[in-house]
Number of protein chains: 2
Amino acid sequence: MRRISEPTVRRLSLYLRFLEEHAARGIATISSDELAACGATTAAQVRKDLSLFGSFGKRGLGYAVPELAARLRDILGLERTYGVAVVGAGKVGSALVQYGGFTSRGFLVRWVYDIDPARIGHAWNGVRVSDARDMEVDFHEGGPDIVIVATPGDAAQGVADRLVRLGVKAILNFAPVHLVVPDDVVVKNVNMAIELEALSYALRHG
Amino acid sequence: MRRISEPTVRRLSLYLRFLEEHAARGIATISSDELAACGATTAAQVRKDLSLFGSFGKRGLGYAVPELAARLRDILGLERTYGVAVVGAGKVGSALVQYGGFTSRGFLVRWVYDIDPARIGHAWNGVRVSDARDMEVDFHEGGPDIVIVATPGDAAQGVADRLVRLGVKAILNFAPVHLVVPDDVVVKNVNMAIELEALSYALRHG
DNA sequence: GGATGTGAATGTCTTCACAGCT
DNA sequence: AGCTGTGAAGACATTCACATCC
C-alpha cells in the first residue's frame, strides 16, 4: 500500500469518529460531502483520502458506513489494544490518567510514573503511581506500546532517552520541548503554548 | 507584511522559547543551525522563516538573541496579555486552570464555567467556577480574548455558537469534534485521540 | 441522476545552492 | 572564512473537472 501522508492520517481519524457516530444511529451509507462536513475539508479531499487504499464507495450512493469504519480501524491499527504508560503525574499527567476517554478506543493506561515521593503510591483509575526509577525493571518483559511524556520541559529529554533505550517506539509528548530521538521512534507533540501563541498571532493579524 | 503560513507561525513559537532560554543564559548570538536543532527543522527553513519579516541576522555571525526574541514576541502578539475563559471544568478543564503554566506567557485565566452544580462554586488558582448560564451577563462588558472549550464533544458546538454570538474571535478546542464557526473566528484544536491514533498508524506501518 | 475515482492543474511548503555581507 | 538572505527548483498537498459506474 502506498505511503499515506500525515495530514491524511489525521483526517482518517476524524472520519472514523464521525462514521462511528453514524453507525451507532443505524445510518447505512454516507457521501463524501457529508464526511467532508465533519472534517473541515472538501468532498474531493475525502475521496482522495479514501481512494488511497482502494475503491470502497458505490457510485451514485456513497460509502457503506460500517464497512468503511472497519476498514479505517484496520488501517489506523485500532483493531488491537495498546498498553500505555504515563510518565509524570502532575497536573497534566493525572488529568490524562483520570480522564480515561481513550480506554474505549483501546489505549489502556497500565503504568504511571513520577519521581515525587508525595505522588508515588497514589492510585487513579486503579493504576498506582510508581517510582520512575522502576521503569527499567517494570518494562523488562512486556513494556508499553506508547508512552505519554507529561513531565516538566527540562526532564523530558532525559525521560525520552531512557524510553529509547528501553525499546519504546512511540511517544506522545506534552512537554514544551522538541524531543530528539532515533528515526525509528515516532513522536507526536501536544503543545498548548504553541496553540495559544498561534491564536495570539491570528488575533493580531487577519 | 506578507502573510505568514501556519507552519511558520508554529515554528516561530518554538524559536522564541529556545531564544528565551538562551537569553536567560546570557548568550548574545545564535546561528540558524542552532535554531534549527530546537525546532526539528533545517537551517534554511529557519532563515526563510525569519527573513519573512526583514533581515535581522548578521552575516558571518548569526542572530542577536534578545533582539530576535523581542521581534518574535511582537510578531506573535505576545507583548500584551490575554484574558482567557475556560468552559468545562471537568478533568481537562480543571487541569488547565490548575496548571497555570500559561500565566507567565501572558495568558490569564479569569473565568471558568461549568453546568454541573457540583463543580460550580469551587475555586482553583483563585478563579471561581461559575454557572455557564452566566457567560452572557459576565461578558457583557469586557469578555475574554480567548476561550478554551473543554466540554464533552456533544456540548462543544453549542458552546461555540454562544461564544460566536458573544463576539469571541479565538477558540482553543479540546473537545473531539470539529467546530463550525464564521470565517472571522479562529479555532485551534488539541485532540489527543487523533495524536494517539496517528501513533497507532505509525506503529503499524513504517 | 447522483456520487465515486482519478489524472491534471494549481497552490503551498521545503530544500537547494549560491550570491552577498561582515 | 562564516553565515545570512533569497531566487529557483523540488516535493508535497489540495482542488478541479470530468469520465465512470451504480
Side-chain angles (χ1 to χ4, degrees), chain A residues 1-15 18-19 22 27-65 67-69 71-72 75 178 194 198 201-202 205-206, chain B residues 1-15 18-19 22 27-65 67-69 71-72 75 178 194 198 201-202 205-206:
Chain A
M1 188 190 305
R2 226 173 70 211
R3 192 193 148 271
I4 294 180
S5 74
E6 173 83 16
T8 296
V9 171
R10 305 174 75 86
R11 282 192 299 268
L12 294 184
S13 174
L14 281 173
Y15 302 156
F18 201 62
L19 286 168
H22 280 246
I27 296 166
T29 64
I30 193 170
S31 70
S32 56
D33 251 313
E34 293 170 282
L35 272 169
C38 88
T41 184
T42 64
Q45 181 72 75
V46 171
R47 294 201 296 276
K48 254 277 180 335
D49 287 342
L50 298 182
S51 74
L52 290 174
F53 31 88
S55 299
F56 262 77
K58 295 233 185 303
R59 294 174 197 232
L61 263 168
Y63 299 88
V65 171
E67 284 79 356
L68 183 56
R71 189 86 181 83
L72 292 184
I75 290 167
H178 169 247
I194 290 183
Y201 175 83
H205 311 75
Chain B
M1 187 189 306
R2 226 173 71 210
R3 190 192 148 270
I4 294 180
S5 74
E6 173 82 16
T8 296
V9 171
R10 304 174 75 85
R11 281 192 298 267
L12 294 184
S13 173
L14 282 172
Y15 302 155
F18 201 62
L19 284 167
H22 280 245
I27 296 166
T29 64
I30 192 170
S31 70
S32 56
D33 251 314
E34 293 170 283
L35 271 169
C38 88
T41 184
T42 64
Q45 181 73 74
V46 171
R47 294 200 297 275
K48 254 278 185 321
D49 287 342
L50 298 182
S51 75
L52 290 175
F53 32 89
S55 300
F56 262 76
K58 297 235 182 303
R59 296 175 196 231
L61 262 167
Y63 299 88
V65 171
E67 284 79 355
L68 183 56
R71 189 85 180 86
L72 291 184
I75 289 166
H178 169 248
I194 289 183
Y201 175 83
H205 312 74

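Letters A, B, ... are given to chains in the order of the sequence lines, protein chains preceding strands, and every chain is numbered from 1.
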* To do: Report the distance from atom CD of A/Gln45 to atom P of D/dA17, rounded to the nearest whole Å.
  => 16 Å
* Would you list the pairs meeting side chain to side chain donor-acceptor pair (under 3.5 Å) in which at least one residue belongs to residues 37-48 of chain B, sequence neighbours left out? => B/Ser32-B/Arg47, B/Gln45-B/Asp49
* Walk along DNA chain C from 5' to 3' and tell me the first and last nucleotide with an atom closer than 4.0 Å to a non-hydrogen atom of chain A. => C/dG2 to C/dA8
* **A/Arg11, nearest nucleotide to its side chain (from D/dT15, D/dT14, D/dT4)** => D/dT14
* Structure fact -> Sorted by position of nearest nucleotide on DNA chain D, 5' first, the leading residue of A/Thr41 and A/Gly60 is A/Thr41
* Rounded to the nearest Å, what distance is computed from the CG atom of residue A/Asp49 to the P atom of nucleotide D/dT14? -> 7 Å
* Asked: Hey, what's the ring geometry for A/Phe18 with A/His22, parallel, tilted or perpendicular (30° and 60° as the breaks)?
  -> tilted
* Asked: Between the axis at one end of the helix from C/dG1-D/dC22 to C/dT22-D/dA1 and the axis at the other (five pairs apiece), what's the angle to 10 degrees?
  -> 10°
* Structure fact -> Taken in chain and number order and not counting sequence neighbours, the residues that satisfy side-chain contact (heavy atoms from CB on, under 4.5 Å) with B/Ala69 are B/Leu16, B/Leu19, B/Arg73
* To do: Could I get the full list of ring pair (Phe, Tyr, Trp, His ring centres under 6.0 Å) partners for B/His178, not counting sequence neighbours?
  => none
* Please name all residues satisfying side-chain contact (heavy atoms from CB on, under 4.5 Å) with B/Glu67, sequence neighbours left out, ordered by chain then number. => B/Ala64
* What are the two closest heavy atoms between B/Tyr63 and B/Phe56, and how far apart are they? -> CD2-C, 3.9 Å
Between the protein and nucleotides 6-12 of chain D, are there any N/O to N/O pairs under 3.5 Å, and if so, what are the atom names and distances?
| residue | atom | partner | partner atom | Å |
| --- | --- | --- | --- | --- |
| D/dG7 | O6 | B/Lys48 | NZ | 2.9 |

* side-chain contact (heavy atoms from CB on, under 4.5 Å) with B/Ser5: which residues, sequence neighbours excluded? -> B/Arg3, B/Pro7, B/Thr8
* **Whole angstrom value for the distance that separates P of D/dC3 from OH of B/Tyr63** => 12 Å
* Expressed in angstrom and rounded to an integer, what is the separation of B/Leu68 atom CG from D/dT4 atom P? -> 11 Å
* Measuring from B/Leu12:CG to B/Leu72:CG, what's the distance to the nearest 0.5 Å? -> 5.5 Å
* Structure fact -> Smallest heavy-atom separation, A/Leu61 atom then A/Thr29 atom, equals O-OG1, 4.5 Å
* So, for A/Ile4 and B/Tyr201, which heavy atoms are closest and what is the spacing to 0.1 Å? -> CB-OH, 3.3 Å
* Roughly, in whole Å, what's the span from CD1 in B/Ile30 to C1' in D/dT4? -> 14 Å
* To do: Mind checking side-chain contact (heavy atoms from CB on, under 4.5 Å) for B/Ile194 and listing every partner two or more places apart, or none if nothing turns up?
  => A/Arg10, A/Ser13, A/Leu14, A/Arg17, B/Asn191
* What's the CZ-C1' distance between A/Phe56 and D/dC21, to the nearest Å? -> 17 Å
